[in-house]
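Encoded as structure tokens, the structure appears first; notes follow it.
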Amino acid sequence: VLDTINRMKFKDWLALECMSDAEFARKSGIRQRALVHKYRHGRQFPSPANLRRIREATNGQVTADDFVDEQTALPATSSPRAPVHEFLAR
């Protein structure tokens, strides 16, 4: 059984911590504030390296699972027209 008590969506974690995109980029080592903004608003799925950075910077409260839509098992940013191979290549 997964421990989901302390896990949350990325945007919720940032709001709880009152952290801006720029602050999180510095804290996590993600090089571009714009990427953090895209992750926060579900416009882009983080790379494996940035997923690790996010997990570490949030002390495990935000993981790759928190970026995936539970109903489709695809990144929440996917649209019905997005090719599946784009997500499998990540």
Side-chain angles (χ1 to χ4, degrees):
V1 176
L2 292 175
D3 176 19
T4 59
I5 294 172
N6 293 319
R7 290 187 26 223
M8 64 183 67
K9 297 290 184 184
F10 185 53
K11 68 178 180 179
D12 297 332
W13 187 91
L14 291 170
L16 184 66
E17 296 293 321
C18 299
M19 191 171 294
S20 71
D21 298 340
E23 290 170 321
F24 188 80
R26 282 191 297 276
K27 173 184 174 103
S28 65
I30 295 174
R31 295 182 184 204
Q32 297 178 20
R33 177 207 61 84
L35 283 176
V36 175
H37 180 82
K38 289 176 183 179
Y39 303 156
R40 176 195 291 257
H41 295 286
R43 294 188 183 126
Q44 185 170 335
F45 193 79
S47 68
N50 283 345
L51 284 170
R52 181 178 37 76
R53 289 180 180 104
I54 291 167
R55 186 187 70 238
E56 290 172 359
T58 63
N59 294 316
Q61 291 182 303
V62 179
T63 68
D65 292 340
D66 301 311
F67 289 94
V68 176
D69 183 321
E70 294 173 4
Q71 292 181 346
T72 63
L74 289 174
T77 60
S78 68
S79 71
R81 293 177 282 163
V84 174
H85 71 276
E86 288 180 14
F87 300 109
L88 297 176
R90 293 177 189 209

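No hydrogens, no waters, no symmetry mates; every other heavy atom, side chains included, goes into these values.
Closest of all the heavy-atom pairs between Arg33 and Ala25 is CA-CB, 4.1 Å.
Using cut-offs of 30° and 60° on the angle between ring planes, the pair Phe67 and Phe10 is tilted.
In this structure, CD in Gln61 is found 7.5 Å from CG in Leu16, a value given to the nearest 0.5 Å. Here the CG atom belonging to Asp12 is positioned 10.0 Å from the CZ atom belonging to Arg40, to the nearest 0.5 angstrom. The distance from atom CD1 of Ile30 to atom CG of Asp21, rounded to the nearest 0.5 Å, is 10.0 Å. The OG atom of Ser20 lies 12.0 Å from the NZ atom of Lys27; values are rounded to the nearest 0.5 Å. The line from NZ of Lys38 to CG of Asn50 is 12.0 Å long, rounded to the nearest 0.5 Å. Atoms OG and CZ, on Ser47 and Arg52 in that order, are 8.5 Å from each other to the nearest 0.5 Å.
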(message) Set out, in order, the CA-CA distance, both residues' side-chain angles and the distance that settles side chain to side chain contact (heavy atoms under 4.5 Å, CB included) for Val62 and Leu14, then state yes or no.
(response) CA-CA 10 Å; Val62 179; Leu14 291 170; over 6 Å; no
(message) Evaluate Tyr39 against Phe24 for side chain to side chain contact (heavy atoms under 4.5 Å, CB included), listing each step before the verdict.
(response) CA-CA 11 Å; Tyr39 303 156; Phe24 188 80; over 6 Å; no
(request) Mind running side chain to side chain contact (heavy atoms under 4.5 Å, CB included) on Gln32 and His37 for me, showing each step along the way? (result) CA-CA 9 Å; Gln32 297 178 20; His37 180 82; over 6 Å; no
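With hydrogens and angles disregarded, a donor-acceptor distance shorter than 3.5 Å links the side chain of Lys9 to the backbone of Asp66.
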